[in-house]
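Notes follow the structure.
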Amino acid sequence: MKPVPLATPDSQEWFDRIDAGELTVPRCTTCASFFLYPRSSCPRCGARTVELAPAAGTGVLLSFVVNHRGPAGFDAPYALGVVRLDEGPHLTGVVRTDAPDRLEVDARVRVAFEERGERRVVCFELEEEAR
Ligand SMILES: [Zn+2]
């Protein structure tokens, strides 16, 4: 079985929203910075005025690795990517594609969700394949 992330008190609501099928990005209401990972104070200005803002759900693939031998539960080959969300913060996840060896840096991606038992995890799909 694929692993699921463990929430902390600071990230519980963020993961709960993902379980509900909604990606949010923590945002400081004092300095308007977006950031990840979820935490209770702003990494830029230190204010504890953090809200979860709805994310556009789109971004660009900054980097990736194609794993040809995956751990239990993962069907190799599969791609693991680092995505810069359009809000700015970076998020890591599996990039679902039928052709991982043809992935390219700077590809536009869209957030999707993968069911893992009672939880959901964020993954990505290529915008050009999502139509
Ligand atoms: Zn701030």
Side-chain angles (χ1 to χ4, degrees):
M1 174 131 173
K2 293 180 178 178
V4 294
L6 296 176
T8 64
D10 280 354
S11 65
Q12 185 67 55
E13 184 181 350
W14 189 75
F15 281 112
D16 287 348
R17 304 270 285 264
I18 288 171
D19 286 344
E22 179 189 11
L23 180 66
T24 60
V25 181
R27 187 178 81 94
C28 173
T29 60
T30 299
C31 73
S33 297
F34 288 99
F35 55 89
L36 278 170
Y37 56 89
R39 65 200 99 169
S40 58
S41 61
C42 174
R44 182 168 177 222
C45 77
R48 299 180 73 79
T49 53
V50 175
E51 67 176 9
L52 294 179
T58 50
V60 63
L61 186 60
L62 291 183
S63 184
F64 64 92
V65 62
V66 177
N67 290 316
H68 290 271
R69 295 176 61 181
F74 287 81
D75 295 326
Y78 70 96
L80 186 63
V82 178
V83 169
R84 184 181 59 238
L85 299 174
D86 288 341
E87 289 80 8
H90 299 177
L91 191 56
T92 300
V94 168
V95 182
R96 287 196 235 169
T97 175
D98 292 333
D101 291 320
R102 293 205 302 264
L103 278 178
E104 295 183 350
V105 165
D106 290 337
R108 293 287 304 168
V109 296
R110 175 181 308 280
V111 166
F113 299 97
E114 179 182 319
E115 308 284 338
R116 290 193 190 172
E118 295 181 359
R119 309 236 47 183
R120 284 183 174 158
V121 298
V122 172
C123 62
F124 298 95
E125 298 175 335
L126 296 172
E127 279 195 338
E128 62 187 39
E129 291 181 2
R131 293 179 197 149

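Everything numeric here is computed off the predicted structure, so don't read it as measured data. Every number for a ligand or one of its atoms is a count from 1 in the order of the listing.
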Item checked: the Zn ion (ligand 1): protein N, O or S atoms that are less than 2.8 Å away, sorted by chain -> Cys28 SG, Cys31 SG, Cys42 SG, Cys45 SG
Checklist line | Close side-chain approach of Asp10 to Ser40, heavy-atom, < 4.5 Å | finding: yes
Note to self: Please determine whether a side-chain nitrogen of the Lys or Arg among Glu22 and Arg17 lies less than 4.0 Å from a carboxylate oxygen of the Asp or Glu.
What the structure shows: yes
Notebook entry, point to check: Is there side-chain contact between Val111 and Phe124, with heavy atoms separated by less than 4.5 Å?
Noted result: yes
Pair up each side-chain donor or acceptor in residues 69-79 with any protein partner under 3.5 Å, not counting sequence neighbours, and list the distances.
residue : atom : partner : partner atom : Å
Tyr78   : OH   : Asn67   : ND2          : 3.2

Notebook entry, point to check: What heavy-atom pair brings Gly59 and Asp86 nearest, and what distance separates the two atoms?
Noted result: CA-OD1, 3.5 Å
Note to self: Quick check: closest heavy atoms across Val50 and Ala47, and the distance to 0.1 Å?
What the structure shows: CG2-O, 4.4 Å
